[in-house]
Amino acid sequence: MGVRELGLPERFPHDGSLPSRVTIWEVGPRDGLQNEKSVVPVDVKLEFLDRLARAGLTTLEATSFVHPKWVPQLADAEELLARLNPHDGVRYPVLVPNDRGLDRALAAGATHVAVFASATETFAQRNLNSGLDAQFAMFEPVIDRARAAGLDVRGYVSMCFGDPWEGVVAAEQVVSVGKRLLDAGCTQLSLGDTIGVATAASVGRLLDAFVDSGVAVGDLAVHFHDTYGQALANTLAALRKGVTTVDSSAGGLGGCPYAKSATGNLATEDLVWLLDGLGVEHGVDLDALVEASLWMSWQLGRPSPSRVVRALSG
Ligand code: HMG
Ligand code: MG
């Protein structure tokens, strides 16, 4: 008999020091697949999205309307949205960097979009061909137009804890970028540890800095890459500060093609195992999710890096 049938992980009643429910923002189809060496066929992407929705995930970040030369892995964004099999109660946010991206996303019927800013000058140049200040001139009209069209707009901030070219990133610099996105109309901020160098201490410090600057913790999400194995500890630190939206990627797929040393995101299965043990609601069927990730790793021809996927499929 497997550990799941034996009632593991043991579920402790929710003790009030953590949020009672967490929204899992699944980024595997976007953050994961944008970093694959090969281009995954659109049929495989569609089935992956379908399987994730059937496993109970309600926010599936589906693709990006970025320049197809910059991210050829997601050049099929129009076809993907046109052929999407939408599930009731599931939203499918997409990334858009600029007006051209928003035009394409609106024409394709997107209903939730995300802009992605950098907390550092070097990454703004490498990821957006822009600059720390100049990036806002690109995002502000996008946010305005998207909000006017009735869309929610998430704002990512990348390199929140460290940057492979600039080193430690000051919390004040991250707060300043994040607040500019909120002031411009973003409805939620996702704080990205693009290269996975945060620790529980730096997560606590950054969240405190946002709250001290007047940002409600309910407007913040966390986005951890697991390069140094800290993503789960960092998530627990964020939950203890009251964060209720956590980004993760099925099977631990992920990375960023424009960030040196960015590896996979926190695996959704590892997150679900943690939340189950803590008694925090999330609405995901772990066994169905593991099945979806095993199916995807078979498509990609390599095993999932998620410890939970490996343990449950061993
Ligand atoms: P650029 O080359 O400076 O663009 O790229 P441009 O504005 O100078 O335009 C040049 C040409 O590209 C024009 O065509 C535009 O129309 C076209 P032309 O007039 O020469 O024929 N163009 C586009 N075509 C299609 N879709 C578009 C688009 N925009 C311009 N959207 C740009 C600037 C921002 C477009 C480029 O740098 C880009 O696409 N960057 C995206 C990089 C990316 O996707 N990175 C990964 C996502 S971020 C991430 O993973 C981090 C995150 O997970 C959080 C974390 O982990 O921290 C979110
Ligand atoms: Mg990322």
Side-chain angles (χ1 to χ4, degrees), residues 25-36 61-78 81 93-108 110 113-120 122-131 134-139 141-142 145-146 153-164 169 174 177-178 181 186 188-198 203 206 220-227 231 234 245-250 252-268:
W25 188 291
E26 170 62 46
V27 297
R30 190 280 304 171
D31 208 344
L33 300 187
Q34 78 180 8
N35 208 39
E36 281 304 310
E61 195 169 274
T63 187
S64 296
F65 287 86
V66 295
H67 197 299
K69 281 199 192 128
W70 282 63
V71 184
Q73 294 89 336
L74 303 181
D76 55 10
E78 272 87 359
L81 285 206
V94 298
L95 261 56
V96 294
N98 54 11
D99 269 323
R100 175 88 181 93
L102 182 63
D103 291 342
R104 291 174 55 209
L106 290 174
V113 295
V115 296
F116 46 104
S118 171
T120 67
T122 313
F123 191 60
Q125 284 166 10
R126 289 183 177 251
N127 197 44
L128 295 162
N129 200 22
S130 184
Q135 62 184 342
F136 294 101
M138 184 159 77
F139 300 137
V142 173
R145 287 176 55 218
V153 184
R154 171 179 247 215
Y156 278 103
V157 186
S158 286
M159 302 296 175
C160 286
F161 301 92
D163 170 290
V169 180
V174 181
V177 169
L181 290 175
C186 282
Q188 182 184 66
L189 276 187
S190 177
L191 306 177
D193 182 17
T194 321
I195 57 168
V197 291
V203 170
L206 184 61
L220 299 173
V222 287
H223 179 105
F224 296 121
H225 286 261
D226 204 21
T227 322
N234 294 342
T245 303
V246 179
D247 299 4
S248 62
S249 136
L253 292 166
C256 175
Y258 292 99
K260 229 175 7 176
S261 66
T263 53
N265 293 82
L266 166 65
T268 309

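Start at 1 and go down the list; that is how both ligands and their atoms are numbered.
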Write the atom name of the N, O or S atom in Asp31 that is nearest the Mg ion (ligand 2).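 Considering only N, O and S atoms, Asp31 comes nearest to the Mg ion (ligand 2) through OD2.
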I'd like the name of whichever of Val27, Val66, Asn98, Asn35 reaches closest to atom 35 (C) of ligand 1 through any heavy atom.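 The residue whose heavy atom sits nearest atom 35 (C) of ligand 1 is Asn98.
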Identify which of Phe224, Phe116, Trp70 has a heavy atom lying nearest to atom 5 (O) of ligand 1.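 When every heavy atom of Phe224, Phe116, Trp70 is considered, Trp70 comes closest to atom 5 (O) of ligand 1.
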Does Asp247 form a salt bridge (charged side-chain N to carboxylate O under 4.0 Å, His left out) with Arg154? I'd like the steps, not just the answer. CA-CA 12 Å; Asp247 299 4; Arg154 171 179 247 215; 2.9 Å; yes
Which atoms of ligand 1 have any heavy atom of His223 under 4.0 Å away?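 Matching atoms, with element in brackets: 53 (O), 54 (C), 55 (C), 56 (O).
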For Leu128, counting its heavy atoms only, list the atoms of ligand 1 lying under 4.0 Å from any of them.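 Answer for ligand 1: 33 (C), 34 (C), 37 (O).
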Asp193 to ligand 1: N or O pair under 3.5 Å?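 Between Asp193 and ligand 1, no N or O pair is found under 3.5 Å apart.
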Residue among Val153, Val94, Val115, Val113 satisfying side chain to side chain contact (heavy atoms under 4.5 Å, CB included) with Leu102: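 With Leu102 as partner, Val153, Val94, Val115, Val113 yield a single side chain to side chain contact (heavy atoms under 4.5 Å, CB included), made by Val113.
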Does ligand 1 have a heavy atom under 4.0 Å from the side chain of [X], from its backbone, from both, or from neither?
X      : answer
Asp31  : side chain
Asn127 : both
Ser158 : both
Val71  : side chain

Considering only heavy atoms from C-beta outward, does the side chain of Leu253 approach that of Asp31 to under 4.5 Å?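 Side chain of Leu253 against side chain of Asp31, heavy atoms only: no contact under 4.5 Å found.
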Should the pair Phe139 and Phe116 be assigned to parallel (<30°), tilted (30 to 60°) or perpendicular (>60°) ring geometry?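 Ring orientation of Phe139 relative to Phe116: tilted.
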Show, in sequence, the C-alpha distance, side-chain angles and deciding distance for Glu26 and Thr268, and conclude whether the side-chain hydrogen bond (donor to acceptor under 3.5 Å, both in side chains) test is met. CA-CA 7 Å; Glu26 170 62 46; Thr268 309; 2.7 Å; yes
Walk me through whether Met138 and Asn98 qualify under side chain to side chain contact (heavy atoms under 4.5 Å, CB included). CA-CA 6 Å; Met138 184 159 77; Asn98 54 11; 3.7 Å; yes
